[in-house]
Amino acid sequence: MLNLTRRALAAGTALMLLSGAALAQAPIVIKFSHVVAPDTPKGRGADKFKELAEKYTNGKVKVEVYPNSQLFKDKEEVEALQLGAVQMLAPSLAKFGPLGAKEFEVFDLPYILPDKAALRRVTDGALGKRLFDKLETKGITGLAYWDNGFKVMSANKPLRMPADFRGLKMRIQSSKVLEAQFRALGAIPQVMAFSEVYQGMQTGVVDGSENTPSNMFTQKHHEVQKYITLSDHGYIGYAVITNKKFWDGLPAEIRTELGKAMKEATVYANQVADKDNADALDEMRKSGKTTFITLTPEEKAAWKTALEPVTADMAKRVGKDVIEEFQKEAKGGTQ
Ligand code: LMR
């Protein structure tokens, strides 16, 4: 009896030692959830981060990437991150407004960014950092800004002049700025999760939408929209974020390696973004399923005039100082 107890105790100790060793080796898992296809700028960025993070930590970190809203849709994903159900996301900048970080909506103001160089000056500058600081109180740490690109506009009728928008139901991300933008054009904005847009277009719940070419192409929007206007009226980009408690709780050396992986993945994601969008335009053109509209200088000017009041109207919400700082940094600090 005593022998048996001794043997059982020894076996138990061995088991405990074994599971202890296994535990010591169990990788830290980062669930990286996103709503777009893998072959988009964000999708590629997430996959690159996975590759580098696992390499630089010698497998001590395992990154699981979940694309295409597999785990969570738009709004739900930020809540999931705050609750710790996922550890990393890259929501579009528009999606931080509903979270209470309204200053992020500055990126959505029509025509606020002349080009990507101006964008980089903002994201790499003082404002980019200050916006990330705002997230800390919400249990979120900002790690990087990733590009997508400039937006185009789709519908089943040609959109050449602001009057063409009148009465159209246009899908938007949940953003007060985007709502104001479509109201200024005389359209009816409809908030809808990204994963539901294709069906919304197919069934006529919405008449059109705005997005980047890479997002439209990978979601097949061009198959259910007869026209795409090359308007470049606004920008879509992302903030890569992590759960603050998770991030702060990581061993310092792991955090350093992950930071390095994120830095390199950011360079990569931003490098492929332009090409992804150009390729998507080509593919949609080749498909023959949709007709592209290039605006004349007069038409472009009419869009700008119609959308000009949006910035002033939204100043109260986004912050006049934020808008001015943005414009100053976008111009390269001189004004
Ligand atoms: C959207 O239209 O919801 C997109 O911005 C999704 C995304 O993350 O690019």
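As the structure lists them, so they are numbered: ligands from 1, and atoms in each ligand from 1.
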* Asked: What's the shortest distance from atom 8 (O) of ligand 1 to any protein heavy atom, and which residue and atom give it?
  -> K42 NZ, 2.6 Å
* Please say which of L89, L143, I140, L250 ends up in a side-chain contact (heavy atoms from CB on, under 4.5 Å) with T242. => L143
* Would you say the ring centroid of F107 lies under 6.0 angstrom from that of F326? -> yes
* Which residue owns the protein heavy atom closest to atom 9 (O) of ligand 1, what's the atom, and how far is it? -> Y238 OH, 2.5 Å
* Between Y111 and H233, how do the two ring planes meet: parallel, tilted or perpendicular, split at 30° and 60°? -> perpendicular
* Asked: If you take all heavy atoms of A90 and Y238, which pair is closest and at what distance?
  -> O-CD2, 3.2 Å
* **Proximal atoms of ligand 1 relative to S92 (non-hydrogen, under 4.0 Å)** => 5 (O)
* **ligand 1 contacted by E210 (non-hydrogen, < 4.0 Å)** => no
* Does K95 have a heavy atom less than 4.0 Å from any atom of ligand 1? -> yes
* Numbered atoms of ligand 1 (with element) below 4.0 Å of R171, judged on heavy atoms -> 1 (C), 2 (O), 3 (O)
* At their closest point, which heavy atom of K31 faces which heavy atom of Q87, and how far apart are they? -> N-OE1, 2.8 Å
* Side chain, backbone, both or neither: N211 near ligand 1, heavy atoms under 4.0 Å -> side chain
* **Which residue and heavy atom of the protein sit nearest atom 4 (C) of ligand 1, plus the separation** => N215 ND2, 3.7 Å
* Sole residue of I293, T229, I228, N277 in side-chain contact (heavy atoms from CB on, under 4.5 Å) with V152 -> I228
